[in-house]
Trainee: 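The structure is given below, and queries will be raised subsequently.
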Number of protein chains: 2
Amino acid sequence: MTLPLYQVIRDDIDRRIRSGELRPGDRIPFEHDLMRQYGCARMTVNKAIGALVADGLIERRKKVGSFVRMPQLVTPIVDIPDIEVEVTARGEAYLFKLLSRTVEEGGSVLALTGIHYAADRPLAYEERRINLMAIPEAESADFETRSPGHWLLVTVPWTHVETQIGAEPAPASLSRRVGWDKDTACLVVTRQTWRGEAWVTRVRQAFDGKIYRVTASLDEAR
Amino acid sequence: MTLPLYQVIRDDIDRRIRSGELRPGDRIPFEHDLMRQYGCARMTVNKAIGALVADGLIERRKKVGSFVRMPQLVTPIVDIPDIEVEVTARGEAYLFKLLSRTVEEGGSVLALTGIHYAADRPLAYEERRINLMAIPEAESADFETRSPGHWLLVTVPWTHVETQIGAEPAPASLSRRVGWDKDTACLVVTRQTWRGEAWVTRVRQAFDGKIYRVTASLDEAR
DNA sequence: CCAGCCATTATGTATATACATTATCGATAT
DNA sequence: ATATCGATAATGTATATACATAATGGCTGG
C-alpha cells in the first residue's frame, strides 16, 4: 500500500513541523528544491503544500516562500454527538421518555420536554423547540421513546450550529423529579441549529455533572 | 477580484449542497460533465472537488462517482482561547494572582495554583503542572501576575491537546476563598497539551458557572 | 541620496496528456 | 444458471508546460 508521492511529501513536512524541527515562522524549502529533492514535477510538490495550507499548517507568500504558521490560539474540536449514539456506543441501554408535547405560537413551534436515560439512570433533562415552519413533518413524528435530537439528526441536514456550554446548580424541582442529589451541578448544553436562513431547532440539555462530560482531542492546527 | 475557476466550481457545488438542492447521498455531476459545463480541463474540476473532499462535504468512489456525504454527527468547534485574551477582548481588566508555586517530583514538575480575575471578580481557580523536563525555561518565568497559560501559549508550540469539560459543585473551601455563593456550580475545564511525545502542561480550571460559558459556532462539515 | 522602474523569483492557476486503479456490467464458457 | 473474465467508465496520480501574479532587490537617472 504505497502512499501517493504528494502524500509522502505532505507527511514528511508535517512530521518535521510536529517534531519541532521546523518551528513557527520557519521557511520550508522552495517548491523548486523539493521538486529536485523528490525528483518529481512541481505540480506534485504544489499539491502537497496545498494540502498543508488547507490544514492550516503552512502559509504561502508569493515570491517570498512558504512558512510554518504560528500556532492558533487553543481551539479544540469538541465532539458532542447525539446522546443516543454516545450512550449506545458506550454499550449502555439508551432510553428517552417524553414528558410533555405542546404546539405553540399558532402551530408554528413544537415544544417538547423529556429525559434521556443511560442504563436506567437519568442522564439529562431536555427542553426542545422545533420550527414546524421549516420542518412540518416533525408534527407527525413519534417522540415517545425516540429522542427528537436523533430523529432530527438523521432527517434534517443542518448548515449552522451554535452551542453554549455552562454549569448551573440543578433546580430542586428537577433534582426531585429525576432523583439527583440536592447539590448536583448540571452541565448545561444549549444548542441551536439552522438550515440555511431558517432555524430548525433549539435545545437545552441539563446533564448530571457527575456522570457526563464533554471531551475533546485535537492535533495542532485549525 | 475574480476568483480562480476552481474556487468558483467549488463554491457552486458547496452552495447547491447547503441550499438543499443536493442532498446527502446525491450524486454530483461527473467530472467529465462539469468539465464541459465550465469549459475547462479535468484537472481544474478535479482540484475543485478535491477541495470539497478535504472539507468533508463530498465523498468520491472510483468508477461510481462523487456523492454528497451524510452530515457528520454534531461536532462543533469550541473556542476556548486563553483566559487573559478572552477577558481583555471583552474590555475588562484581567488579573492573575499566584497562590502557590512548588517544584515536585525531584525537580521535574512545576506545580502552580492561582486565581484569574476579570474586572476584579474572581473568574476561575486554576491548578497547573508544567513539565520542567520539556520546558526548563518555565522555572525562571515570572508567574506572579501573568497567567502561566498565556506564557505557555506564546512560548511553547503544542502539537496535541486533550480537553474535558464538566460541571461540579464548588467545594466549600474554594467558595470561601474566592467569595462565591455556597451552591455555585463550577464549569471545570481540564486540559493537557503535548509537544510531540512529551507532555507540556496539565491544567484544571474551575470557572464560576454564573459568569462563564463556552460557546461554539460552526458551519456544516468537519 | 533617493525615487522609480525593471528584472528576477517564487508561488498561483490552468491546460493537455498519460497511465493507474477500481468498481461495474455484460459477455462468454463451463 | 453461474462463475469468470474482460471491456468500460469513473476517479487518482503524475508530468511537462505555460502564463499570471506579486514581492523583492538591484539598477538607473535625476
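Note that the structure is a prediction, hence the values are computed from the model and not measured. Letters go in sequence order (proteins before strands), and every chain restarts at 1.
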Trainee: Please report, rounded to the nearest Å, how far the P atom of dA16(D) is from the CE atom of M35(A).
Mentor: 7 Å
Trainee: For N46(B) and dT17(C), what is the distance between atoms CG and P respectively, to the nearest whole Å?
Mentor: 17 Å
Trainee: For dT15(C), does either OP1 or OP2 sit under 4.0 Å from a side-chain N or O belonging to T44(B)?
Mentor: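 Indeed, a polar side-chain atom of T44(B) lies that close.
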Trainee: From the set dA10(C), dT13(D), dG12(D), return the single nucleotide nearest to any side-chain atom of K47(A).
Mentor: dT13(D)
Trainee: Return each pair, listed once, that meets salt bridge (Lys or Arg N to Asp or Glu O under 4.0 Å) where at least one residue sits in residues 145-159 of chain A; pairs must be two or more places apart or across chains.
Mentor: E84(A)-R146(A)
Trainee: Taking only N and O in the side chain of S66(B), is any of them less than 4.0 Å away from OP1 or OP2 of dA10(D)?
Mentor: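 No, S66(B) has no side-chain N/O under 4.0 Å of OP1/OP2 on dA10(D).
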Trainee: Considering only side-chain heavy atoms of R60(A), which listed nucleotide, dG12(C), dA16(C), dT11(D), is closest?
Mentor: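 In terms of side-chain proximity for R60(A), the closest of dG12(C), dA16(C), dT11(D) is dG12(C).
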Trainee: Could you check how far CD of E59(B) sits from C1' of dT11(D), rounded to whole Å?
Mentor: 13 Å
Trainee: In whole Å, what is the span from the CE atom of M43(A) to the P atom of dA20(D)?
Mentor: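 Whole-Å distance recorded here is 17 Å.
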Trainee: Test: salt bridge (Lys or Arg N to Asp or Glu O under 4.0 Å). Region: residues 193-205 of chain B. Which pairs qualify, not counting sequence neighbours?
Mentor: E168(B)-R204(B)
Trainee: From CG of L3(B) over to C1' of dT21(D), roughly how many Å is that when rounded to an integer?
Mentor: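 My rounded result for the distance is 15 Å.
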Trainee: Go through the structure and list residues passing salt bridge (charged side-chain N to carboxylate O under 4.0 Å, His left out) with K210(A), not counting sequence neighbours.
Mentor: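 Partners of K210(A) under the salt bridge (charged side-chain N to carboxylate O under 4.0 Å, His left out) test: D181(A), D208(A).
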Trainee: Identify, residue by residue, the members of residues 9-16 of chain A with a heavy atom below 4.0 Å from DNA chain D, and return them in order of residue number, or none.
Mentor: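 Result for residues 9-16 of chain A: none.
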Trainee: With sequence neighbours excluded, give me every salt bridge (Lys or Arg N to Asp or Glu O under 4.0 Å) pair touching residues 128-137 of chain A.
Mentor: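 Sorted pair list: E104(A)-R129(A), E105(A)-R129(A), E126(A)-R128(A).
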Trainee: Among residues at least two apart in sequence or on other chains, which ones pass salt bridge (charged side-chain N to carboxylate O under 4.0 Å, His left out) with E21(B)?
Mentor: R16(B)
Trainee: Give I49(A) one of three labels, base, sugar-phosphate or nothing, depending on what nucleic acid heavy atoms sit under 4.0 Å from its own.
Mentor: nothing
Trainee: Mind calculating the distance between CZ (F30(A)) and C1' (dT8(C)) to the nearest angstrom?
Mentor: 13 Å
Trainee: With sequence neighbours left out, what residues match R15(B) under side chain to side chain donor-acceptor pair (under 3.5 Å)?
Mentor: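 R15(B) satisfies side chain to side chain donor-acceptor pair (under 3.5 Å) with D12(B) only.
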Trainee: Around atom CZ of R27(B), are there more than 12 heavy atoms of other residues, nucleotides or ligands at under 6.0 Å?
Mentor: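 Buried by this count: over 12 neighbours within 6.0 Å.
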Trainee: Of the nucleotides dG12(D), dT15(D), dT13(C), which one has an atom closest to the side chain of E31(B)?
Mentor: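 Closest of the options to the side chain of E31(B): dG12(D).
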Trainee: Out of curiosity, I49(A) CD1 to I9(A) CD1, how far, rounded to the nearest 0.5 Å?
Mentor: 8.0 Å
Trainee: Could you write nucleotides 19-26 of chain C as a row of B, S and -, 5' to 3', where a protein heavy atom under 4.0 Å of any base atom gives B, of only sugar-phosphate atoms gives S, and otherwise -?
Mentor: --BBBB--
Trainee: Side chain to side chain contact (heavy atoms under 4.5 Å, CB included) with Q164(A): which residues, sequence neighbours excluded?
Mentor: T190(A), R213(B), T215(B)
Trainee: L34(A) CG to dA14(D) P: how many Å, rounded?
Mentor: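 Rounded to the whole Å, the gap is 15 Å.
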Trainee: What is the distance, rounded to the nearest whole Å, between atom CG of L5(B) and atom P of dC19(D)?
Mentor: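 It works out to 19 Å between those atoms.
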